[in-house]
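Read the structure below first, then the notes.
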Amino acid sequence: MNGGSALENVGNKRLRPIVFFLIKIAIAFGIVSWIIGKGKLDFGLFAQFFQDRAGDWIIALILLAVVVFLCSYRWKTILDIKAEVPYGRVVGNVWIGLLFSPLLPGMVSGDVVRIAYGRTLDKKLSFDYLISSVLMDRIFGLMGLALISGIVSLTLGDRWEGLSWGIKQLILFNISILTLFLVFVFLFLSKKKGQECVGNKLGMIPFIGAFTAKVFAQFCMIGKRRRVVFSCLFVSVIAQSIEIFVFWFLSHSNIAGRPELLDVAILFPVGMIAVSIPITPLGFGVGHLVFYELFALYGIREGANYFNAFILTHLVNGFWGLFPYLFGRSKVLGRRRF
């Protein structure tokens, strides 16, 4: 009896990884099939790229992969405050988040998956700190975008009279966002007394006050590490500069209308903030409409096509997440701990 039970246990242990691996394959196949079924992968568009600009498209994919490595380093820098985690596994987790991001509304939906997988990186990483780290990672990304677009907008002061009212609104929005983030950085790096005052005010918010105050305390703890703050900001500026360049690079020469790179830097933040609002997965539909209207301010009617090329390339880049998902050591999606 005991011998038979022991053999059965051994057999189950050997069979379990195979079953979980097959479940992972099924989930991954389901994601890809769902995206294709919804028409979110326009292979006609990619055929055009391969026929006319295959080299450019491959360069764009490589640049987006570089962005993933940069953003992974930024997140790891924040996580290392609590526990040193392997860079390779952080990269894998970020890419898995990109793989699953089409399943949830908004461009930042993969962060939910990142948090889930973050629990497997190190036991020292609490759930609260993982949420704070992902939020802080996103805030650093927005700071980088605000710095780029704000500085570019400020340089257009001498052209103010020749600009349309819509473009002036874009510029004022970018300058306002830059000002807001500079205030946030000042608060972020301010003295403990001021931070405690803000934390107490946040704690008074109904229902979510306690959680909000806790997350803010984690932010302030991160802010004490000046090297971490400036390192993350520097990485964010580089990563966002690459994103803006890729958006312009993919669209400017194969669709009617040729926006300037600096014009893309001005309208890109507004468009991406709108796309990040959790309405549709990856901002499909919403992003097409928003970027159509933004480019229309410059007299260009192909903004939806620009966004289409950019977001579909992002989708293909996310498929690299299949490798860490199928072959990585994290036991979350497709296994018992999700």
* How many angstroms lie between OG in S126 and CG in L130, if you round to the nearest 0.5 Å? -> 6.5 Å

* Approximate separation, where rounding is to 0.5 Å, of F310 CZ and W248 CH2 -> 14.5 Å

* Steps toward ring pair (Phe, Tyr, Trp, His ring centres under 6.0 Å) verdict (F291, F247) -> CA-CA 11 Å; F291 277 98; F247 191 101; 5.0 Å; yes

* Asked: Out of I139, L147, L233, which residue meets the side-chain contact (heavy atoms from CB on, under 4.5 Å) rule with F181?
  -> I139

* Asked: Quick one: does S231's side chain have a donor or acceptor within less than 3.5 Å of a partner on V228's backbone?
  -> no

* To do: Return yes if some donor-acceptor pair links the side-chain N/O of Y87 with the main-chain N/O of F69 below 3.5 Å, else return no.
  => yes

* Structure fact -> Hits for salt bridge (Lys or Arg N to Asp or Glu O under 4.0 Å) against R114, two or more places apart or cross-chain, chain-then-number order -> D111, D137

* Mind jotting down which residue pairs meet the side-chain hydrogen bond (donor to acceptor under 3.5 Å, both in side chains) criterion with at least one end in residues 235-245? Sequence neighbours excluded, please. => R74-S236, E243-H314

* To do: Kindly write out the residues that satisfy ring pair (Phe, Tyr, Trp, His ring centres under 6.0 Å) with F295, not counting sequence neighbours, or none if the list is empty.
  => Y306

* F234: partners by ring pair (Phe, Tyr, Trp, His ring centres under 6.0 Å), with sequence neighbours left out -> none

Residues in side chain to side chain donor-acceptor pair (under 3.5 Å) contact with [X], at least two apart in sequence or another chain:
X: W95; answer: none
X: S149; answer: none
X: K76; answer: D80

Qualifying residues under side-chain contact (heavy atoms from CB on, under 4.5 Å), relative to [X], sequence neighbours excluded:
X: I62; answer: I58
X: L70; answer: V66, V235, I238, A239, I242
X: A296; answer: R301
X: I175; answer: S153, L154, I171, T179

* Take atom OH in Y73; do more than 12 heavy atoms of anything else shown fall under 6.0 Å from it? -> no

* Structure fact -> Minimal heavy-atom distance between L99 and L322, with the atoms involved, is CD2-N, 3.9 Å

* What closest approach, in Å, do A265 and V152 show between heavy atoms, and which atom pair accounts for it? -> CB-CG2, 4.3 Å

* Non-hydrogen side-chain atoms of I311 and L315 separated by less than 4.5 Å -> no

